[in-house]
*Asks:* 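Let me give you the structure first, and then I'll get to my questions.
From a predicted model like this one, the values you see are computed outputs, not experimental measurements. Indexing begins at 1, ligand by ligand and atom by atom, following the structure's order. Hydrogens, waters and symmetry mates play no part in the numbers below; they use all other heavy atoms, side chains included.
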Amino acid sequence: MARYHPAAALVVVDVQNDFADPKGSLVVPGADRVIPVINRETAAAREHGALVVLTQDWHPRSTPHFTKDGGDWPVHCVAETWGAELHPDLQSPPETPVVRKGSNGEDGYSGFTMRDTRTGEHVPTMLAPLLQSAGVTDVVVIGLATDYCVKATALDALRLGYATTVLTDAVAACEIRRGDGEAALEELRNAGANVRSSRGG
Ligand code: VGL
Ligand code: ZN
């Protein structure tokens, strides 16, 4: 598990009920299959002194992110509701830092930045400062969903200069269009990410 060391961070994206539970409002196919892999990775990361950070999609009841308000998505991950809670199968000690995104109605998918829908400006979350204060150089991104928040988070990590890995068996895609998951991984490869399975290699 050479990918985890004290200058590495494992960013676990949006493993929340609305995405990962069969009763969720925006279920990501295959999410249930990747949670055990994610748990194995977070355990390995902690064991080797890497920082583990969780992200949470955290929307107000009304946001231009939702179809009913002019956006692209069914209502999901509304702050303080069941759908926004971390999935109960995700094993994480209570002291694990959590970065929430979208709380002020911002749009966008990355754990690092959010788009203010009034000004169009990209505003940073706490993720980059958190990694910086921990002396992180290498970032591993896993979670949900490959074709949205995982992709955007990993692309931002690359842009910020982190050596970035995405583990293909620890992510699952929305696949609104068939092939979106694979296309996202290809885009990440082309952008310089190390895209590989958690097993072997
Ligand atoms: C996500 C769609 C809408 C994600 C978040 O976590 O990938 N996808 N909001
Ligand atoms: Zn969302």
*Asks:* From the options T117, D107, D72, select the one residue that forms a side-chain hydrogen bond (donor to acceptor under 3.5 Å, both in side chains) with H65.
*Replies:*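 Running side-chain hydrogen bond (donor to acceptor under 3.5 Å, both in side chains) over T117, D107, D72 with H65 returns exactly one hit, D107.
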*Asks:* With sequence neighbours excluded, give me every ring pair (Phe, Tyr, Trp, His ring centres under 6.0 Å) pair touching residues 125-158.
*Replies:*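 Non-adjacent pairs meeting ring pair (Phe, Tyr, Trp, His ring centres under 6.0 Å): W73-Y148, Y109-Y148.
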*Asks:* I'd like to know if the side chain of H87 reaches the main chain of D89, judged simply by a donor and an acceptor atom lying under 3.5 Å from each other, with no hydrogens or angles considered.
*Replies:*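 Answer holds: yes.
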*Asks:* Looking at T63, is its backbone amide N or carbonyl O close enough to the side chain of D69 to form a donor-acceptor pair, meaning the two atoms are under 3.5 Å apart?
*Replies:*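 Pair found, side chain donor or acceptor close to backbone of T63.
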*Asks:* Using only atom types and a distance under 3.5 Å, with no angle test, would you say the side chain of D57 pairs donor to acceptor with the backbone of D14?
*Replies:*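 Such a contact is absent between D57 side chain and D14 backbone.
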*Asks:* Hey, are the side chains of R3 and S198 touching, using non-hydrogen atoms and a 4.5 Å cut-off?
*Replies:*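 Yes, side chains in contact.
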*Asks:* Among residues two or more places apart or on two chains, list those pairs meeting ring pair (Phe, Tyr, Trp, His ring centres under 6.0 Å) that have a residue in residues 154-193.
*Replies:*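 Those involving residues 154-193 do not exist here.
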*Asks:* Return the NE2 to NE2 distance between H76 and H59, rounded to the nearest 0.5 Å.
*Replies:*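 With rounding to 0.5 Å, NE2 (H76) is 3.0 Å from NE2 (H59).
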*Asks:* Protein residues near ligand 1, heavy-atom distance below 4.0 Å?
*Replies:*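 Residues near ligand 1: D14, F19, D57, H65, W73, H76, Y109, L144, A145, Y148, C149.
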*Asks:* With a cut-off of 2.8 Å, how many protein N, O or S atoms neighbour the Zn ion (ligand 2)?
*Replies:*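 The number of such protein atoms is 4.
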*Asks:* Evaluate side chain to side chain contact (heavy atoms under 4.5 Å, CB included) for L155 paired with L188, printing each intermediate quantity in order.
*Replies:* CA-CA 7 Å; L155 287 174; L188 287 163; 3.8 Å; yes
